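I have a structure here, written as structure tokens, and I will follow up with some questions on it.
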Amino acid sequence: MTFKKKNAFYIGLLSCLAIIAFSNIAWQSSEELVLKGSKLDLRWKKGEKGWRITNIAVKGQQKWIQLPNPVGNYTLLYTPVKPDTVEAPLFDKDGKKSNFPEPIYKYITSHWSQVTQSVQLNTAGEAVHFYPDQITKNKDQSLNFSKETGTASINALWQIDPKFPTDITVKITLKANKDGYYSIASPTLATVSNEQLSWGLMPGYFQGATLEKDLVKAYAYGQGIPDRPIVVRERTASTLSPLISSKNGVTMAVIPEPGTGRNPWSKDKNTHNEWLLGLSLMNREAKLSPTAYHPVLGQKGSFLKKGETTSFTFRYSLQAADWYTVFKHAVYDIYRFKDFLDLKQTSQSLTDRILAMHKYVVDDKTSMWRIEQYKNLTIGAQAYLGGVLGSDKDAMKNSDYGAMWMLSNIMKDSVLQKQRLPFARNFKLLQQEEKPGFFEGSAAGQYYLSKSKKFTEEWGPYVEPIGVTYYTMMDIGNILLFEPGDAELKEKLRKGAERLLAWQGQQGEWAVAYDHASEKQLFTELQDLRPTFYGLLIAYRVLGDQKYLTAACKGADWYIQQAIDKGQFLGVCGDTRFVQDFATGQSIQALLDLYELTKKDLYLKSAIKAAKFYTTSIYTHPIPTKEVKTVKGISRQDWEISQVGLSFEHGGSIGSANSLGPILLASHAGLFVRIYELTKDPIYLDMARAAAWGRDAFVDKKTSVASYYWTAMNAGPGSFPHHAWWQIGWITDYLLSEAKLRSNGEVSFPRGFITPKVGPHQSYGFAQGEIYNTPVSLMLSDGLLKADSPYLDYIEAINTDQKKCFLVLLNNSNKPLSTKIHINPEKIQGASVSKIKSTVFIDAASKKQQLAAADQTWNIEIGAYGLKVIALNY
């Protein structure tokens with residue numbers, strides 16, 4: 001062999017060795033296999049039982065990190081007959097049979113019965129565990145594992161995702177060897193011991209750093225991780241990504257292929273309750289390891305005749321990162337959340353919705369406004385036809401007092417000023433317990449029953465400390481922002497604050513509730529993991545007494561330790577026995593408000609931590625499309641009726657989202673914009689916009705009031721007429737938050753207090769704000785501005801001394817907007833001369849001011865997500 005040939009030979013040999021060394025897959029020997037990429041290193045070794053994983057390493061920033069318990073075990077579930085649907089008896093820690101939930105809680109008893117059956121408890125069928133015994137290397141560097149069992153033939157195709165090197169995609173195909181019901185489980189890649197557990201998350205269900213033996217606490221209330229291999233349904237799994245973080249810094253998730261889970265509306269019917277995908281934080285053997293099941297045993301697609309096949313495609317994501325990073329990977333990279341904004345279209349701007357809802361709320365008939373005589377006063381509220389214990393279709397309720405006073409003030413509406421607010425104020429006066437004693441200063445109840453002439457709570461004769469915060473402190477506090485001279489309301493506020501002080505525990509905590517008759521604590525198995533402390537913050541801001549702020553901080557410190565640090569929360573809906581809900585979102589804003597007062601860094605950090613948790617209350621699946629569907633005889637594209645971007649009233653195993661889907665009340669939208677301002681984390685802004693934009697399919701055309709629950713589609717306010725006020729409140733909060741963000745703080749208005757119950761949105765309009773350093777008052781005048789495009793939202797403000805009216809224009813689209821606007825100067829509030837003298841255009845990006853002609857019609861161009869301000873000198 002010549003020198004040149006020898007050289008060529010050795011160079012070729014070295015090249016081959018290099019290719020083998022750096023390829024994703026390399027054979028070490030006939031007994032060992034390596035699957036390696038730039039971020040992952042997995043090794044299998046053949047033993048007596050087959051090929052098992054002996055080593056898993058994940059690339060960190062500085063080094064490779066080893067997972068301590070690699071496994072590689074496969075599981076399939078089989079039963080020759082359909083699993084039973086009998087509710088399994090449960091026992092408490094003392095061995096006594098649990099009676100949860102009590103029969104009175106009719107809205108959750110059926111859900112609890114469902115989730116305590118054998119399939120959900122993961123005891124149904126026979127579990128066939130095995131390791132594959134055959135392996136094939138494919139030309140594309142993927143691997144085929146296979147196994148022939150007496151029950152079924154299994155083939156599994158594994159490969160590292162070339163787009164996401166932290167992910168391994170797996171497709172398992174099962175061929176039935178006999179008739180029966182089958183379910184494929186994702187193999188146990190590795191297990192995490194209880195001691196190694198750093199954090200576990202089942203989005204929409206539960207989370208925590210510890211296992212919880214009390215199944216009701218973990219499974220029903222989402223407080224901790226159940227200590228058994230519970231299998232949950234995808235219908236309230238907000239993101240299809242069960243995940244576990246280890247103390248070594250690695251997070252492991254299983255993410256089913258998009259399209260595996262149920263689609264909530266298939267073609268022409270509601271299919272929200274179909275069950276195609278099961279999710280767990282444990283394998284069948286109760287070892288911590290994120291696991292997915294498809295099809296679900298006994299459910300659609302699980303019955304196979306001998307020789308028939310089914311398959312399951314999913315991915316493992318292994319990252320040297322925290323749970324939140326991997327969660328967002330599932331949201332953005334796999335389920336393409338951001339793409340949803342590209343599909344969104346609208347036919348009505350959010351501002352026009354507010355104006356239309358104004359007409360609704362001032363109409364006695366449509367808004368179901370009622371007045372009654374009680375204790376020598378005329379009280380007013382809207383009829384409430386939903387469930388209230390003891391009602392005979394006579395319940396009345398007011399919802400968002402901040403929004404009521406705000407709209408009245410910014411629109412200068414005489415109907416609201418003279419025929420609504422005085423009687424709503426009287427309702428609030430008499431809603432407080434006046435009798436001296438244990439309950440003095442507390443709220444007598446959310447609802448007034450006109451036939452029995454009494455206030456009552458939603459689901460029982462009890463009083464909650466958070467009810468004092470809601471129906472005394474928040475509501476009265478918001479009224480006093482607009483009417484600071486109301487001495488009678490100030491005294492009511494003080495009595496409420498004193499009641500909260502009297503009931504506060506030594507550590508800063510409160511009880512969940514007290515029995516009205518015996519004054520004894522109720523629901524003692526639960527902690528008040530709700531932002532009850534916020535009421536004292538309001539008392540401090542209005543009354544100025546330092547002791548209220550001291551107590552608010554004490555309550556917040558306890559709440560942070562017991563709720564946020566543990567990822568455990570409690571809800572405020574009595575009819576669902578307080579399962580966690582939108583009160584979690586309120587706690588975020590409550591802590592932000594406390595931070596603004598104290599500048600204590602703990603409150604800011606804890607608010608952001610809680611906000612991360614709250615992103616897991618937002619649906620991110622299935623991927624919205626343009627597929628045409630039929631809803632109530634109307635053709636709709638899939639994205640129009642999508643659940644993606646909507647939040648829970650309450651999710652989990654027994655919340656309302658199980659049967660009714662998420663809600664259209666996006667109270668969190670403004671808060672999420674504010675959290676984005678603080679963190680620059682895009683998920684908050686994307687989630688806010690996904691919730692707020694393009695929801696026409698759920699908006700009643702006659703009233704512009706959106707349905708409350710997703711399942712109602714566009715049925716209007718229905719039995720909840722007071723919800724229109726909450727919608728006016730959250731939309732205003734969202735628009736003003738977007739204006740502040742897009743103008744870099746140049747358009748800013750003071751925020752009031754949080755609204756009771758449904759979420760964190762806040763009131764405005766009680767004090768002057770600023771637009772490019774000019775002091776202005778918020779206003780809204782129907783007819784002042786008309787836009788040709790529904791994508792143009794707007795905010796109006798005025799400085800009467802300078803005779804200057806501002807129009808803040810928002811392009812609520814991710815595409816550039818070119819439209820025509822029409823101004824009617826006669827609609828400027830308080831203007832004695834209905835004429836425009838001059839106009840100035842201010843661009844948010846450049847802050848350049850451009851003098852325009854004193855016309856009444858202009859062509860406007862605004863960039864994607866843009867803002868432009870028009871200053872009218874009149």
Side-chain angles (χ1 to χ4, degrees), residues 44 49-52 71-86 117-136 138 142-159 168-189 229 231-234 240 254-263 266 271 273-280 282-285 289-316:
W44 284 260
K49 295 183 178 180
W51 288 92
R52 65 170 295 157
V71 181
N73 186 34
Y74 289 63
T75 299
L76 66 88
L77 305 180
Y78 170 77
T79 176
V81 295
K82 192 170 186 177
D84 66 64
T85 55
V86 178
Q117 296 170 10
S118 61
V119 175
Q120 287 87 335
L121 296 178
N122 211 348
T123 59
E126 172 195 1
V128 181
H129 304 294
F130 62 91
Y131 293 96
D133 54 15
Q134 301 294 322
I135 191 164
T136 304
N138 301 314
S142 61
L143 294 176
N144 273 106
F145 294 90
S146 59
K147 175 75 173 182
E148 187 75 31
T149 74
T151 306
S153 301
I154 298 291
N155 181 274
L157 178 66
W158 292 57
Q159 65 186 87
I168 304 161
T169 61
V170 181
K171 180 179 181 180
I172 298 178
T173 302
L174 177 152
K175 182 179 179 181
N177 287 342
K178 48 188 174 182
D179 294 357
Y181 294 87
Y182 291 84
S183 181
I184 303 168
S186 57
T188 301
L189 200 62
V231 178
V232 304
R233 303 175 71 126
E234 74 267 42
L240 303 180
V254 170
I255 309 171
E257 181 74 5
T260 307
R262 66 92 183 91
N263 190 304
S266 179
T271 47
N273 282 300
E274 284 189 351
W275 192 11
L276 306 181
L277 181 66
L279 303 167
S280 183
M282 290 182 173
N283 63 18
R284 174 77 171 216
E285 297 171 300
S289 184
T291 306
Y293 295 86
H294 175 76
V296 176
L297 204 65
Q299 299 295 316
K300 183 178 178 180
S302 66
F303 180 78
L304 299 176
K305 287 186 173 294
K306 181 179 179 180
E308 292 183 333
T309 62
T310 189
S311 64
F312 181 22
T313 302
F314 57 91
R315 69 181 55 227
Y316 300 106

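Along the sequence shown, residues carry numbers from 1. If you're wondering where the values come from, they're calculated on a predicted model, not measured in any experiment.
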Side chain to side chain contact (heavy atoms under 4.5 Å, CB included) evaluation trace for F130 with I154: CA-CA 10 Å; F130 62 91; I154 298 291; 3.6 Å; yes
OH-CD1 distance between Y78 and I184, expressed to the nearest 0.5 angstrom: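 Spacing of OH (Y78) from CD1 (I184) equals 15.0 Å.
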E234 CD to L240 CG distance, which is reported to the nearest 0.5 Å: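 Separation between the atoms: 7.0 Å.
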Atom pair OG/CG of S311 and L157 - distance to nearest 0.5 Å: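 Here the rounded value is 11.5 Å.
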Ring centre gap for Y316 and W158 strictly below 6.0 Å: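 Yes.
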Closest contact, heavy atoms only, Y293 versus A185: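 Smallest interatomic distance, heavy atoms only, reads CE2-CB, 3.4 Å.
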Separation of W44 CH2 from L143 CG (nearest 0.5 Å):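 Spacing of CG (L143) from CH2 (W44) equals 6.0 Å.
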Derivation of the side-chain hydrogen bond (donor to acceptor under 3.5 Å, both in side chains) call for R284 and N122: CA-CA 7 Å; R284 174 77 171 216; N122 211 348; 3.0 Å; yes
Lys/Arg N to Asp/Glu carboxylate O, E274 vs K300, below 4.0 Å: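 A salt bridge links E274 with K300.
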Stepwise side chain to side chain contact (heavy atoms under 4.5 Å, CB included) test for V231 and L279: CA-CA 5 Å; V231 178; L279 303 167; over 6 Å; no
Distance in Å, N144 CG paired with Q134 CD, rounded so as to fall on 0.5 Å steps: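 One gets 11.5 Å once the value is rounded to the nearest 0.5 Å.
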Point-to-point distance, once rounded to the nearest 0.5 Å, from CD1 of I135 to OG of S146: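 OG of S146 is found 8.5 Å from CD1 of I135.
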Contact summary for V296 and S302, nearest pair of heavy atoms: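 Looking at all heavy atoms of both residues, the closest pair is O-CB, 3.3 Å.
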Derivation of the side chain to side chain contact (heavy atoms under 4.5 Å, CB included) call for Y74 and T188: CA-CA 6 Å; Y74 289 63; T188 301; over 6 Å; no
Considering all heavy atoms, the nearest L77-L297 contact: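 So the minimum-distance heavy-atom pair works out to O-CD1, 3.7 Å.
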4.5 Å side-chain heavy-atom contact, L76 and T151: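 Counting from C-beta outward, L76 and T151 do come under 4.5 Å.
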Main-chain N/O of N283 paired with S289 side-chain donor or acceptor, under 3.5 Å: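 Not confirmed, S289 side chain does not pair with N283 backbone.
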Expected output: side-chain N177 to main-chain T149 donor-acceptor under 3.5 Å: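 Answer holds: yes.
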ring-ring contact (aromatic ring centres under 6.0 Å, His included) partner of H294, chosen from W275, Y182, F312: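 When ring-ring contact (aromatic ring centres under 6.0 Å, His included) is applied between H294 and each of W275, Y182, F312, only F312 qualifies.
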L276 vs Q299, side chain to side chain contact (heavy atoms under 4.5 Å, CB included): CA-CA, chis, key distance, verdict: CA-CA 7 Å; L276 306 181; Q299 299 295 316; 5.9 Å; no
Donor-acceptor under 3.5 Å (E257 side chain, R315 main chain):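 A pair under 3.5 Å: no.
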side-chain hydrogen bond (donor to acceptor under 3.5 Å, both in side chains) between H129 and T75, intermediate numbers included: CA-CA 5 Å; H129 304 294; T75 299; 2.9 Å; yes
Carboxylate-amine/guanidinium proximity below 4.0 Å for D133 and K147: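 Looking at K147 together with D133, the answer is yes, because their closest N to O distance falls below 4.0 Å.
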Backbone of T291 reached by a side-chain donor or acceptor of S280 within 3.5 Å: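 Checking the backbone N and O of T291 against the side chain of S280, no donor-acceptor pair under 3.5 Å is found.
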Heavy-atom closest contact (R233 atom, N273 atom, distance):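 In this case the closest contact between R233 and N273 is NH2-O, 2.6 Å.
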Which atom of P187 lies closest to which atom of F314, heavy atoms considered: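 In this case the closest contact between P187 and F314 is CD-CZ, 3.5 Å.
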Donor-acceptor pair between S153 and E148 side chains, under 3.5 angstrom: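 Side chains of S153 and E148: pair found under 3.5 Å.
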Side-chain (T310) to main-chain (L174) donor-acceptor, under 3.5 angstrom: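 Not a single qualifying donor-acceptor pair exists.
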Minimum-distance pair of heavy atoms, taken over all atoms of S118 and D84: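 Between these two residues, the closest heavy atoms are OG-O, 3.6 Å.
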Residues, nucleotides or ligands: over 12 heavy atoms within 6.0 Å of K178 NZ: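 Result for NZ/K178: enclosed.
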N73 side chain near E285 side chain, heavy-atom distance below 4.5 Å: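 When only atoms from C-beta onward are counted, E285 and N73 do touch, with a gap below 4.5 Å.
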Centroid separation W51 to F145 less than 6.0 Å: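 They do not qualify: ring centres at least 6.0 Å apart.
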Residue pair N138 / Q159, side-chain donor-acceptor N/O under 3.5 Å: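 Their side chains do not contain a donor-acceptor pair, so the 3.5 Å distance test is not met.
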Donor-acceptor under 3.5 Å (S266 side chain, T271 main chain):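 Not a single qualifying donor-acceptor pair exists.
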